[in-house]
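Everything quoted here is computed from the prediction, not taken from an experiment.
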Amino acid sequence: MPKIRNVSFDCADPYALARFWAEVMHTQLDSDHQPDDEETAIQPPDGPALYFQRVPEPKSVKNRVHICLTPEIRRDAEVERILGLGATLVADHRRPDGLGWAVLADPEGNEFCVLRSEEERAAA
């Protein structure tokens, strides 16, 4: 069975976007990477690498593929943490009964979802 090696992001500023995602994923940006690099990557502890490459055109439409995150902490706390890192809330599909998810966007507008934690799923 094939393994996903990395998920790629086209972006205007690979270094800044990699720094944002490194914070989201609780990992470090390799010290070899510099702000003027055309490409960079991070390796989250669990899962494929996230690869960031500079492109000249801005994002113009909704992502066709996006990442869904299952946090180790409660979903709502994770949403607040990531918003504090510079994400924006795109759509809130959280329900009063605890189900649902939040759609966020990174600083360059790439959408991603924050789902319920495994603990929240088990309690439902």
Exercise for the section: Starting from the C-alpha separation in whole Å, work towards a yes-or-no answer on side-chain contact (heavy atoms from CB on, under 4.5 Å) for Met25 and Leu50. Expected result: CA-CA 10 Å; Met25 303 304 295; Leu50 301 180; 4.2 Å; yes

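- Arg74 CZ: 12 or fewer foreign heavy atoms inside a 6.0 Å radius.
- A donor-acceptor pair is defined here as one N or O able to donate and one able to accept, closer than 3.5 Å; no such pair exists between the side chain of Arg19 and the backbone of Gln28.
- Between Cys68 and Leu115, the closest heavy-atom pair is CB-CD1, 4.0 Å.
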Practice task
Output, in order, the C-alpha distance, side-chain angles, deciding distance and verdict of side-chain contact (heavy atoms from CB on, under 4.5 Å) for Arg54 and Cys11.
Solution key: CA-CA 5 Å; Arg54 188 181 315 277; Cys11 54; 5.9 Å; no

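- Around CD of Glu38, the count of heavy atoms belonging to other residues, nucleotides or ligands within 6.0 Å exceeds 12.
- Side-chain contact between Val7 and Val65 is absent, with no heavy atoms from C-beta onward closer than 4.5 Å.
- Across every non-hydrogen atom of Asp37 and Pro14, the tightest pair is O-CG, 3.8 Å.
- Using a distance-only test at 3.5 Å, with no hydrogens or angles considered, a donor-acceptor pair links the side chain of Asp13 to the main chain of Ala16.
- Transitive grouping of hydrophobic side chains (ILVMFWY, heavy atoms separated by less than 4.5 Å) brings Leu89 and Ile67 into a common cluster.
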Residues 94-104 side chain polar contacts: donor-acceptor under 3.5 Å, at least two apart:
| from | atom 1 | to | atom 2 | distance (Å) |
| --- | --- | --- | --- | --- |
| Arg94 | NE | Asp92 | OD1 | 2.8 |
| Arg94 | NE | Asp92 | OD2 | 3.4 |
| Arg94 | NH1 | Asp76 | OD1 | 3.0 |
| Arg94 | NH2 | Asp92 | OD2 | 2.8 |
| Arg95 | NE | Asp97 | OD1 | 3.4 |
| Arg95 | NH2 | Asp97 | OD2 | 2.7 |
| Asp97 | OD1 | Leu99 | N | 3.0 |

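- Atom CD of Glu23 sits about 10.0 Å away from atom CG of Leu29, to the nearest 0.5 Å.
- In terms of heavy-atom proximity, Ala105 sits nearest to Phe112 at C-CE2, 3.8 Å.
- Note: Trp21 and Phe9 have tilted aromatic rings, judged against thresholds of 30 and 60 degrees for the angle between ring planes.
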Practice task
Output, in order, the C-alpha distance, side-chain angles, deciding distance and verdict of side-chain contact (heavy atoms from CB on, under 4.5 Å) for Thr27 and Gln43.
Solution key: CA-CA 7 Å; Thr27 192; Gln43 181 62 61; 5.8 Å; no

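- Contact annotation: the side chain of Leu69 approaches that of Val24 to within less than 4.5 Å [non-hydrogen atoms, C-beta and beyond].
- A salt bridge links Lys59 with Glu111: at least one charged nitrogen is closer than 4.0 Å to a carboxylate oxygen.
- What you find for Tyr51 and Asn6 is that their closest heavy atoms are CB-ND2, 3.5 Å.
- In this structure, the separation between CG on Asp46 and OG1 on Thr70 is 11.5 Å, given to the nearest 0.5 Å.
- Looking at Asp106, its side chain does come within 3.5 Å of a backbone N or O of Gly109 through a donor-acceptor pair.
- The two residues Ile73 and Glu120 make their nearest non-hydrogen contact at O-OE1, 4.4 Å.
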Exercise for the section: Carefully, step by step, assess Asp32 and Thr40 under the rule side-chain contact (heavy atoms from CB on, under 4.5 Å). Expected result: CA-CA 9 Å; Asp32 292 348; Thr40 190; over 6 Å; no

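- Rounding to the nearest 0.5 Å gives a distance of 10.0 Å between CD of Glu78 and OG of Ser117.
- Nearest heavy-atom pair, Arg75 versus Arg116, reported as atom, atom and distance to 0.1 Å: NH1-CG, 3.3 Å.
- In terms of hydrophobic clustering, with Ile, Leu, Val, Met, Phe, Trp and Tyr side chains grouped at heavy-atom distances under 4.5 Å, Leu83 and Val114 are assigned to a common cluster.
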